[in-house]
Structures are given as structure tokens and as C-alpha cells.
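First the structure, in the form of C-alpha cells, and then the observations on it.
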Amino acid sequence: MQPLAIRTILVTIGIILLCTVAALYASDRYGKKHRVVATADTLQSLSGMPHQVEAPADAYRIWKNAGLRGRTVLFVADRWESFDPGELMPPQLFRAYPLPLYNTAKLLEDDYLNGTTFLYVASMNKIIRKIVALLPDGEITRLADAARKTKYYSISDRGIFVSRQGVPRWYTSGSHFTSIDEPVLLYVGASYFKIYEPDDLYRQLVQSGQRTDSVILCNERGKESVTPREIAKLAEFGRLVGIAVR
């Protein structure tokens with residue numbers, strides 16, 4: 001290959017990377033400017049009543065009904081369930097980037113909202129702009145292996161960064177979690193307690209000083225990894241944050 005052609009390719013790659021970074025920065029800035037946040041507290045001083053729901057789709061409906069926009073969600077569960085929108089939805093609905101098409105977002109909400117897609121639907125409807133997933137150590141290892149097969153990722157001692165469908169995602173473990181510099185929508189699935197204890201998660205979140213204005217505890221009914229034991233531990237976590245979970 002001629003030197004000129006090599007330089008042209010390198011310049012093109014550089015432009016693509018710069019455009020990608022600029023798009024993510026612009027999206028984040030836009031989300032922060034337009035986000036809707038209620039009064040935020042730490043877990044030690046919650047002023048609002050956390051919600052308990054049966055399924056992840058219920059969490060989405062709570063966020064939507066509250067009028068939340070441009071938010072960061074702290075997702076806690078035993079596994080990050082990836083999916084290809086093109087496999088679950090008709091081809092005409094698939095988008096590589098969440099385009100601001102009202103009809104598409106509404107159709108996703110009406111017909112394709114479930115425990116796997118609820119965060120994607122929330123991003124399409126502009127409720128969330130960023131995801132931080134707090135996951136077991138073994139799941140972080142699995143996701144690191146998967147990230148290495150993609151083009152745009154970053155792996156450090158603290159976790160993994162990837163961007164997919166235009167939404168930045170950070171995957172980290174409880175032992176490496178540090179406070180996010182804004183109030184988050186905290187979602188805790190019962191499946192997380194398949195491996196860890198409620199007081200461990202509570203201690204890690206309290207020590208981080210993380211603020212939140214929305215806490216949702218999800219029983220994740222129907223999920224294979226969830227039994228009455230995990231739901232009981234979710235109830236214990238609820239008591240730690242000062243609520244009586246049924």
C-alpha cells in the first residue's frame with residue numbers, strides 16, 4: 001500500500017474517532033441540560049419513598065410517569081442482558097442510534113417493553129442518557145471479554161466503558177464503585193443477592209456518598225436466577241434504606 005493511501009486511511013480513522021467522541025460529549029451535555037431531577041438524598045437520608053415493583057417494565061413506567069428526562073441510571077443486578085434490537089423488533093424499527101422519532105419510541109414502549117429492553121426503551125424515550133451497571137465480579141469479567149470484540153471500548157481496574165446505540169455504559173463491581181457526580185435513578189434487582197448480601201451493597205453505596213432521587217427495588221419475578229431467597233434479601237435491603245418491603 002502506498003504511503004499516501006496509508007496516511008489517508010489513518011486520517012479517516014482519526015476523524016471517525018473524533019466525531020464519535022464529540023457526539024457522546026454533545027449527547028451528555030444535552031442530557032445534563034435537560035434532565036429532570038427531584039430532591040436528591042443519600043441512602044442514609046432518603047426523604048422520598050422508594051418503590052417496590054414486580055418487573056423491570058414497572059420501573060420504566062414509574063420513571064415515565066414522574067416525567068424524568070436525561071438521567072443516569074445505576075442498574076444493580078446479577079447480569080447485563082444484551083440484545084440486538086434488530087433481532088427482537090421488525091427491521092423497520094431497528095436503529096443503530098436512538099433517533100428522536102416519536103412513533104418508533106412509542107411503538108417500542110407499547111409492544112416491546114420487557115425485562116431485557118426496558119433500559120433501551122427508556123433511552124429511546126429520552127428518560128435516560130447514561131447507564132452505570134453495578135454487577136458481580138464474574139459478570140464484569142464476561143463483559144470485558146465481550147468488549148474486546150468491539151471497536152470502541154475502554155477497560156481499566158475500575159471497570160469497563162462501552163457505547164452502544166448511542167448510550168454510554170459503564171460496568172463496574174460493588175468493590176470498585178465510586179459516586180457518580182449527579183443524582184441517579186437507583187434500580188436494584190433481587191437477582192444481585194444471588195451472590196452478595198444486602199448489607200454489603202448498602203455499605204458500598206453509603207460509603208460512596210452516592211445521591212439519588214429515585215429508588216426502585218425490583219423482585220424480578222419470573223427471572224430464572226431469582227427465588228424467594230433473593231426476594232427476601234431484597235426486602236432486607238429495603239429495610240436497610242428505611243422502608244418496609246412486602
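- The side-chain heavy atoms of Leu186 and Val76, taken from C-beta on, include a pair separated by under 4.5 Å.
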*Leu205 and Leu74: side-chain contact (heavy atoms from CB on, under 4.5 Å), yes or no, with the steps?*
CA-CA 11 Å; Leu205 293 177; Leu74 177 56; 4.0 Å; yes
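- Rounding to the nearest 0.5 angstrom, the gap separating the CD1 atom in Ile140 from the CG atom in Leu134 is 7.5 Å.
- Judged by distance alone, with hydrogens and angles left aside, the side-chain atoms of Arg211 form no donor-acceptor pair with the main-chain N or O of Ile180 at under 3.5 Å.
- Remark: aromatic rings of Tyr187 and Phe118 are close, center separation under 6.0 Å.
- The side-chain contact (heavy atoms from CB on, under 4.5 Å) test applied to Ser208 returns Phe177, Ser179, Gln210, not counting sequence neighbours.
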_Determine whether Val188 and Tyr202 satisfy the following criterion, side-chain contact (heavy atoms from CB on, under 4.5 Å), listing intermediate values before the conclusion._
CA-CA 11 Å; Val188 180; Tyr202 178 75; over 6 Å; no
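- The shortest heavy-atom contact between Val215 and Leu217 is CG1-CD2, 4.0 Å.
- Residues Lys130 and Trp170 have side chains in contact (heavy-atom distance under 4.5 Å, counting atoms from C-beta outward).
- The distance from the CD1 atom of Ile127 to the CG atom of Leu185 is 9.0 Å, given to the nearest 0.5 Å.
- Here the side chains of Phe237 and Phe193 are in contact, with some heavy-atom distance below 4.5 Å.
- With contacts defined as side-chain heavy-atom distances shorter than 4.5 Å, the pair Thr178/Arg158 qualifies.
- In plain terms, the two heavy atoms of Leu68 and Arg71 that are nearest each other are CD2-NH1, 3.7 Å.
- A salt bridge links Glu182 with Arg129; the closest basic N to acidic carboxylate O contact falls under 4.0 Å.
- Trp80 approaches Glu139 most closely through the heavy-atom pair N-OE2, 2.8 Å.
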*Evaluate the side-chain contact (heavy atoms from CB on, under 4.5 Å) criterion for residues Ser154 and Tyr152: first the C-alpha distance (whole Å), next the side-chain angles of each, then the deciding distance (0.1 Å), finally the verdict.*
CA-CA 7 Å; Ser154 175; Tyr152 306 111; over 6 Å; no
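- One finds the CG atom of Leu113 at 13.0 Å from the CE atom of Met124 (value rounded to the nearest 0.5 Å).
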*Would you check, one step at a time, whether the test side-chain contact (heavy atoms from CB on, under 4.5 Å) holds for Leu135 with Leu143?*
CA-CA 10 Å; Leu135 304 164; Leu143 290 169; 3.5 Å; yes
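- Between the side chain of Arg79 and the main chain of Ser191, no donor-acceptor pair closer than 3.5 Å is present.
- Nearest heavy atoms, Pro136 versus Ala77: CD-O, 3.3 Å.
- Across all their heavy atoms, Ala59 and Val53 have their closest contact at N-CG2, 4.4 Å.
- Within the 4.5 Å cutoff, the side chain of Ile231 has heavy atoms near those of the Arg221 side chain.
- Shown are Lys223, Lys233, Lys194; of these, the salt bridge (Lys or Arg N to Asp or Glu O under 4.0 Å) with Asp78 is made only by Lys223.
- No side-chain heavy atom of Thr42 sits under 4.5 Å from any side-chain heavy atom of Val206.
- Listed by chain and residue number, Asp137, Ser173 satisfy the side-chain contact (heavy atoms from CB on, under 4.5 Å) test with Ser175 (two or more places apart in sequence, or in another chain).
- The shortest distance between side-chain heavy atoms of Leu119 and Ile128 falls below 4.5 Å.
- Here Ile160 contributes atom CD1 and Arg148 contributes atom CZ; the two are 7.5 Å apart, rounded to the nearest 0.5 Å.
- Atom-to-atom distance recorded for Tyr60:OH and Thr117:OG1 is 9.5 Å, nearest 0.5 angstrom.
- Minimum heavy-atom separation, Cys218 to Ala55: SG-C, 3.5 Å.
- You'll find the side chain of Leu201 reaches within 4.5 Å of the side chain of Tyr192, heavy atoms only.
- Taken to the nearest 0.5 Å, the CZ atom of Arg61 stands 14.0 Å off from the NE2 atom of His51.
- With respect to Arg142 and Asp145, no salt bridge is recorded, no charged nitrogen being found less than 4.0 Å from a carboxylate O.
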